[in-house]
Novice: 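After the structure tokens below, expect a handful of questions from me.
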There are 2 protein chains.
Amino acid sequence: MPAPRDIDYDCPIRDVLDRIGDAWTVLVILKLKRQPWRFNALCREIEGISPRMLAVTLRRLERDGLVSRTILDTSPPQVEYALTQRGVSLHGAVDVLGCWAEDNQAGIRKSRADFDQARERT
Amino acid sequence: MPAPRDIDYDCPIRDVLDRIGDAWTVLVILKLKRQPWRFNALCREIEGISPRMLAVTLRRLERDGLVSRTILDTSPPQVEYALTQRGVSLHGAVDVLGCWAEDNQAGIRKSRADFDQARERT
DNA sequence: CCGTATCCGTTATGATACTG
DNA sequence: CAGTATCATAACGGATACGG
């Protein structure tokens, strides 16, 4: 039977990677870095995300104390999401990875092309 | 229809996160940091990994030029995996995230517990 | 020893439609 | 506006057996 996944490594880095490893979390954190956003505005800003996935992603971030959720006293009511202090500090760590990625993107693409070409010759 | 996923963000950080976001890649990089390992030795070292997933993970890392694969001239033949220079530099970037994770693990767990408890009161 | 091939269950997530 | 409910599907990863 597949997927027991019950080996609890108690590995902090896995906790983090399980969170930021998915497709949307990082994009949301990136967007929220500059300014707070309302739900639908954010949904429009992040190309390709569905309301469902945005809701799921924001809920997870909120649960971890990385994003705050504020109900504005307007009519109709609006909800504003912003990075918490902890969220900002995570952004910093993610940014390091982003810089590494930029620095190495070209090299990685080259490696991939070489690797694929080497196998192509059956 | 679900899962088109064809929105190519051309976002370098997504390239990286797609690689390290899975369950095993980071564990492999961590293991290889200290010393090179042979396939089966590595398989025994990393608790819970199957030969299949180790092979898949190593292949991806090799393709990206992060890990080198050396066939030793022994009998029976052995294969040794090691981090390349690029792999070592990725380890550095991942390490930043690891430190963040350690520093924030307790706070995150507290936030999660609080969040879950708040919802429990139906 | 070093993997690869196959099968298949679980999970993640996209689309869509609907509610407060 | 801010989400939630439902459904279907594609991708991930585990078990197992086998090949070089």
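Because only heavy atoms are used, hydrogens play no part in the values below, and waters and symmetry mates are left out as well, while side chains stay in. Protein chains get the first letters and strands the later ones, always in sequence-line order, with residue 1 at the start of each.
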Novice: Does a side-chain N or O from R59(A) land closer than 4.0 Å to OP1 or OP2 of dT4(D), or not?
Specialist: yes

Novice: Is there a side-chain contact between Y81(A) and the phosphate of dC1(D), meaning an N or O under 4.0 Å from OP1 or OP2?
Specialist: no

Novice: Going by distance alone, is a donor N or O of one side chain under 3.5 Å from an acceptor N or O of the other, for S111(B) and D114(B)?
Specialist: no

Novice: Distance check needed: dA12(C) P versus R19(A) CZ, whole Å only.
Specialist: 11 Å

Novice: Tell me the interatomic distance from R119(A), atom CZ, to dT4(C), atom C1', rounded to whole angstroms.
Specialist: 11 Å

Novice: Please report, rounded to the nearest Å, how far the C1' atom of dC1(C) is from the CG atom of L42(B).
Specialist: 14 Å

Novice: Please tell me if R38(B) has a side-chain N or O lying less than 4.0 Å from either OP1 or OP2 of dG3(C).
Specialist: no

Novice: By nearest atom, which of the nucleotides dC1(D), dT4(D), dG14(C) is closest to the P51(A) side chain?
Specialist: dT4(D)

Novice: Only one of R112(A), R109(A), K110(A) forms a salt bridge (charged side-chain N to carboxylate O under 4.0 Å, His left out) with D64(B), so which one is it?
Specialist: R112(A)

Novice: Atom CD in E45(A), atom CG in L27(A): separation rounded to 0.5 Å?
Specialist: 12.0 Å

Novice: Using OP1 and OP2 only, check whether a side-chain N or O of W37(A) sits under 4.0 Å from dA2(D).
Specialist: no

Novice: Identify the two heavy atoms, one from F39(B) and one from P51(B), that lie closest to each other, and give their separation to 0.1 Å.
Specialist: CZ-O, 3.6 Å

Novice: With nearest nucleotide decided by heavy atoms, which residue, S50(A) or P77(A), maps closer to the 5′ end of DNA chain C?
Specialist: S50(A)

Novice: Calculate the interatomic distance between L54(B) atom CG and dA15(D) atom C1'; express it in whole Å.
Specialist: 16 Å

Novice: What is the distance, rounded to the nearest whole Å, between atom CD of E62(A) and atom C1' of dG3(D)?
Specialist: 13 Å

Novice: Just compare dT4(C), dC1(D), dC2(C) and give me whichever is closest to any side-chain atom of V79(B).
Specialist: dC2(C)

Novice: Quick one: which of dT13(C), dG3(C), dC1(C) gets closest to the side chain of Q78(B)?
Specialist: dC1(C)

Novice: For the side chain of P76(B), starting at C-beta, report the closest nucleotide among dG3(C), dC1(C), dT13(C).
Specialist: dC1(C)

Novice: Is the shortest side-chain N/O distance from R60(B) to OP1 or OP2 of dC12(D) below 4.0 Å?
Specialist: no

Novice: Quick one: is dG3(D) close enough that its OP1 or OP2 comes under 4.0 Å of any side-chain N or O from R52(A)?
Specialist: no

Novice: Using side-chain heavy atoms (C-beta onward) and a distance below 4.5 Å, is E80(B) in contact with W37(B)?
Specialist: no

Novice: What is the distance from CD1 of I71(B) to P of dG3(C), rounded to the nearest Å?
Specialist: 8 Å

Novice: In whole angstrom, give the distance that lies between atom CG of N40(A) and atom C1' of dG3(D).
Specialist: 8 Å

Novice: Whole-Å distance between dG14(D) C1' and I49(B) CD1?
Specialist: 12 Å

